[in-house]
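Here the structure comes first, spelled out in structure tokens, and everything after it is commentary.
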Amino acid sequence: MMVRTRVAPSPTGDPHVGTAYVALVNYLFAKQHAGRFLLRIEDTDRVRSSDAAETVILDALRWLGLQWDEGPDVGGPHGPYRQSERLQRYAVAANELLSDGHAFKCFCSVERLEELRQEQRKLGIPPGYDGRCLTLTAGEAAQAEAAGTPFVVRMKVPREGSVVIDDLLRGEISFEWRTVDMQVLVKSDGWPTYHLANVVDDHDMEITHVMRGEEWISSAPKHKLLYEYFGWTMPKLAHLPLLRNPDRSKLSKRKNPTSILFYRRMGYLPEALINFLGLLAVTPVEGEEMMDLATMVARFGLEHISLGGPIFDVAKLDWLNGRYLRERLDLAAFEQRVRDWALNESYLGAIAPLAQPRIERLSDLGPLLSFFFAGRIDVDVAQLRSAKLDDASLRKAFVLALAEVDALALWEAGAINAAFGRIADVLGKRLREVVRPFYVAIAGRAQSVPLFDSMQILGRDLVRERLRNALDLLGGATAKEQEAWRRELSANGAAARQAAEVQA
RNA sequence: GGCGCCAUAGUCUAUCGGUUAGGACGCGGCCCUUUCAAGGCUGAGAGACGGGUUCGACUCCCGUUGGCGCUACCA
């Protein structure tokens, strides 16, 4: 049987390096076995998914050199490869489960479910659905449905006995069925949840091996049960360790740059980044850690994956990237990379109009624009603290700005400007007072080219990093402070919206 | 709280019952060098703890501790 693996990103945000790692492992495994590697878009979260995010993720994975054989852009015999285009298929599958008695309609309100969970937690018993709607007669269910009560479809899960999951990396993992929740399969809007869509698609797309993040281990029993309900063979499973922050928590953008875009923007070469990630799944021979994709395909082995979650070690990435820069590129190729990185027409084209009105000699350009060609910049804390903001307001301003950086749907100067307007409101200050330290944080000095345009051009990732750096220099903010301040911001936003509605 | 996963230097790892516990990043020193890098040589640095099993445990088993994940009509 031909090996078929997949990576199944959810287009709900920036392309994550963890996704790249999982994609790489699936790619290496497939290629080593002369199989096929596919890409599927899991966009069943209607609220958070976006076409823009999908485009960016595909682009980022392509940049890394991971070529998929089947996918939403290249097609293939098992399409469509986008879950939002397969809704009919899931509806059929859900009805099958319903009529076979493997699933049931649940009319419980979210409030009841929430109370239930709190109660269960208090009692120290496994949290999960209590099966109330399981006792509904067909008549009662039909009545509720006719009355227009919203419902979800849940899978039935045995309340007794246990189940064993075979994991290629961890061996047998067993669970008591009573600790497995009666998972929602179809949401009240009719869309499937990940669990349903994922099982149906992996089967339809003839996936033979599922290599996915460790966070899915506890869902595996549900998935296994679904395969049984459908009468399908389950793919082999391997749960990969999660990449970690230096403090060992799961790699997260709050603490670290996690976006592939960030690493590209910082000037890491794709071959270095992929090599670095590959080091977590390939044991180098004779100490030589520099390997191209083809070499990694040859040497890859699931048994080389250590189960302890590896810290994303930027220092080692830096070293590897340096080697690629000086050992694998001749001067011409190097020059070309530099051009592609930031000395290209579109980047220069964006920057030039900001600089032109502000210089007297072309040689002023260097000091004025150097921050556009840097990753992290040196910031003088004293300058950061200048301005009319007291220390608490200053830190608050940066916390709020960080929140806005994550929240903004569109990364564009006008939207950024509006965001800073909101921040000024919350602080009860004028925009110009609030904005001053941000010039220092972003451009390295208080006088520079327009801030919001600069931020747009630098990109969300670099901006987030510079703001975080500035906040750290100011002493940081406690989790408590951050939470309270962020809440103020969203309350203020809600109030503003309300006012606007009243006016309209 | 419940369930599950994990555990060799600061970090990434090798070892798959018998090794002076090997390598890489980082860090220190020396050499090379107009500077700085790079490069070469070199140094410090590890089996969380407690019980077993065994002639012999980093390696197998149990417990403790610690880290992590899941605990949603998110994936």
Side-chain angles (χ1 to χ4, degrees), chain A residues 8-13 16 18-19 41-49 83 106-110 113-114 117-129 150-154 162-163 165 167 169-181 183-198 212-222 239-251 276-290 303-323 325-327:
Chain A
S10 182
T12 53
H16 199 281
T19 305
I41 292 294
E42 307 223 320
D43 54 351
T44 54
D45 184 338
R46 288 168 84 178
V47 180
R48 297 194 305 152
S49 297
Q83 292 185 329
C106 171
F107 299 88
C108 293
S109 68
V110 291
L113 263 18
E114 185 48 43
R117 275 190 287 268
Q118 281 178 11
E119 184 68 13
Q120 288 164 330
R121 199 189 165 97
K122 211 180 334 174
L123 295 172
I125 57 177
Y129 187 64
F151 66 89
V152 300
V153 176
R154 288 181 187 275
S162 58
V163 55
I165 300 299
D167 184 290
L169 292 167
R170 298 156 206 265
E172 298 187 340
I173 305 172
S174 90
F175 296 83
E176 299 282 326
W177 276 123
R178 59 183 195 87
T179 67
V180 179
D181 195 9
Q183 185 65 49
V184 170
L185 298 178
V186 181
K187 309 173 200 176
S188 56
D189 64 1
W191 283 52
T193 59
Y194 165 87
H195 304 280
L196 210 218
N198 165 74
R212 72 215 312 189
E214 193 178 2
E215 75 252 48
W216 294 108
I217 291 180
S218 42
S219 298
K222 299 166 195 169
H239 290 96
L240 274 17
L242 261 21
L243 267 29
R244 310 283 187 89
N245 295 314
D247 69 0
R248 293 237 164 250
S249 56
K250 172 176 162 179
L251 194 63
F276 172 71
L277 259 11
L279 250 18
L280 301 175
V282 177
T283 297
V285 295
E286 287 162 12
E288 179 49 276
E289 302 192 300
M290 205 173 188
E303 69 278 7
H304 293 308
I305 297 177
S306 293
L307 266 16
I311 288 171
F312 194 89
D313 184 4
V314 184
K316 185 141 185 178
L317 208 212
D318 286 340
W319 165 78
L320 241 196
N321 199 58
R323 284 192 62 188
L325 246 17
R326 71 183 92 90
E327 293 176 26

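Residue numbers start from 1 in every chain, and the chains themselves are labelled A, B, ... in the order their sequence lines are given, proteins ahead of strands.
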Remember a base hit wins even if backbone is also touched, and classify A/L280 as base, sugar-phosphate or nothing at under 4.0 Å, heavy atoms. sugar-phosphate
OP1 or OP2 of B/G67 less than 4.0 angstrom from a side-chain nitrogen or oxygen of A/R244, does that happen here? no
Does A/S219 put a side-chain nitrogen or oxygen below 4.0 Å from OP1 or OP2 of B/G4? no
If pairing means Watson-Crick or G-U wobble with both distances under 3.5 Å, then the partner of B/C5 is B/G67
Could you tell me how far B/C31 sits from B/A38 if I compare only their C1' atoms? Round to whole Å. 14 Å
When rounded to the nearest Å, what value does the distance between C1' atoms of B/G28 and B/A44 take? 8 Å
Rounding to a whole Å, what distance do you find between A/L320:CG and B/A38:P? 14 Å
Using the C1' atom on both, measure B/U65 against B/G51 and round to a whole Å. 14 Å
Where is the tightest heavy-atom contact between A/E214 and A/L242, given as atom of each residue plus distance? OE1-N, 3.4 Å
Watson-Crick or G-U wobble partner for B/U11, using a 3.5 Å limit on both distances? B/A24
Could you tell me whether a side-chain N or O of A/N245 sits under 3.5 Å from a main-chain N or O of A/R248, the two making a donor and an acceptor? no
Give a yes/no on whether any side-chain N or O of A/S306 is located under 4.0 angstrom from OP1 or OP2 of B/C12. no
Tell me if a side-chain donor or acceptor on A/K122 pairs with a main-chain N or O of A/R117 at a distance below 3.5 Å. no
Please work out if A/F175 contacts a base, only the sugar-phosphate, or nothing of the nucleic acid, heavy-atom cut-off 4.0 Å. sugar-phosphate
Do A/L251 and A/H16 make a side-chain contact, defined as non-hydrogen atoms from C-beta onward lying under 4.5 Å apart? yes
Using the C1' atoms only, state how far B/C58 lies from B/G40, rounded to an integer number of Å. 33 Å
Compare the minimum distances between each of B/C74, B/C6, B/C73 and the side chain of A/R170, then state the nucleotide with the smallest one. B/C6
Nearest-Å distance, CH2 (A/W177) to P (B/G4)? 14 Å
Any strand counts, and the cut-off is 3.5 Å on both contacts for Watson-Crick or G-U wobble. Which nucleotide pairs with B/C58? none
Could you state the atom-to-atom distance from CG of A/N321 to C1' of B/A37 in whole Å? 15 Å
Which is true for A/P310 with a 4.0 Å heavy-atom rule: it touches a base, it touches only sugar-phosphate, or it touches nothing? sugar-phosphate
Hey, is the side chain of A/K187 poking within less than 4.0 Å of OP1 or OP2 on B/C74, counting only N and O atoms? yes
Does a distance-only test, which skips hydrogens and angles, find a donor-acceptor pair under 3.5 Å between the side chain of A/R121 and the base of B/G1? yes
Would you please confirm or rule out a distance under 4.0 Å between OP1 or OP2 of B/U13 and any side-chain N or O of A/K316? no
When the P atoms of B/C73 and B/U59 are compared, how many Å lie between them, rounded to an integer? 43 Å
Any chance the side chains of A/R212 and A/H239 put a donor and an acceptor closer than 3.5 Å? yes
Phosphate OP1/OP2 of B/C73: any A/R154 side-chain N/O under 4.0 Å: yes
Closest nucleotide of RNA chain B for A/E172 versus for A/I305: which of these residues is on the 5' side? A/E172
C1' gap between B/C70 and B/C62, integer Å: 26 Å
Could you check which of B/C68, B/U13, B/A24 has an atom nearest any side-chain atom of A/E289? B/A24
Closest to the side chain of A/T193, out of B/G69, B/A75, B/C5, is B/A75
Would you say a side-chain N or O of A/R248 is under 4.0 Å from OP1 or OP2 of B/U11? yes
Partner set under ring pair (Phe, Tyr, Trp, His ring centres under 6.0 Å) for A/Y194, not counting sequence neighbours: A/W216, A/H223
Using the C1' atom as the reference point in each nucleotide, state the distance between B/A75 and B/A7 in Å, no decimals. 28 Å
With sugar-phosphate meaning primed atoms plus P, OP1 and OP2, does A/S174 contact a base, only sugar-phosphate, or nothing at under 4.0 Å between heavy atoms? sugar-phosphate
Hey, could you give me each pair passing side chain to side chain donor-acceptor pair (under 3.5 Å) that has a residue in residues 306-323 of chain A? Not counting sequence neighbours. A/Y268-A/D318, A/E288-A/R323, A/E289-A/K316, A/R323-A/E327
Answer yes or no for A/R244 and A/F312: cation-pi contact, defined as NZ/CZ to six-membered ring centre under 6.0 Å and angle to ring axis within 45°. no
Please classify the nucleic acid contact of A/V110 as base, sugar-phosphate, or nothing, using heavy-atom distances under 4.0 Å. base
A/D181 side chain to A/Y129 backbone, donor-acceptor under 3.5 Å: yes
Distance, C1' atom - from B/C60 to B/U71, rounded to whole angstrom: 33 Å
Confirm from the modelled atom types if A/S188 and B/C73 form a donor-acceptor pair under 3.5 Å, side chain to base only. yes
What contact category does A/V152 fall into here, base, sugar-phosphate, or nothing, at under 4.0 angstrom with non-hydrogen atoms? base
Can you check the A/Q120 CD to B/G2 P distance for me, whole Å? 14 Å
Could you state the atom-to-atom distance from NE2 of A/H239 to P of B/G69 in whole Å? 16 Å
Indicate, with a heavy-atom threshold strictly under 4.0 Å, whether A/W191 touches base, sugar-phosphate, or nothing. nothing
Among the nucleotides B/C25, B/C5, B/C73, whichever has the atom closest to the side chain of A/W319 is B/C25
Take A/T283 and A/I173, find for each the nucleotide of RNA chain B with the closest heavy atom, and name the residue whose nucleotide sits nearer the 5' end. A/I173
Rounded to the nearest angstrom, tell me the gap between atom CG in A/L277 and atom C1' in B/U13. 15 Å
Take atom OH of A/Y194 and atom C1' of B/C73, then tell me their distance rounded to the nearest Å. 17 Å
Partner nucleotide, any strand, of B/U35 [Watson-Crick/G-U, under 3.5 Å]: none
Assess whether one donor atom and one acceptor atom, taken from the side chain of A/R48 and the base of B/C74, lie less than 3.5 Å apart. yes
Closest to the A/R117 side chain, choosing from B/G26, B/C73, B/U11: B/C73
Distance, rounded to the nearest Å, where A/L307 contributes CG and B/G69 contributes P: 16 Å
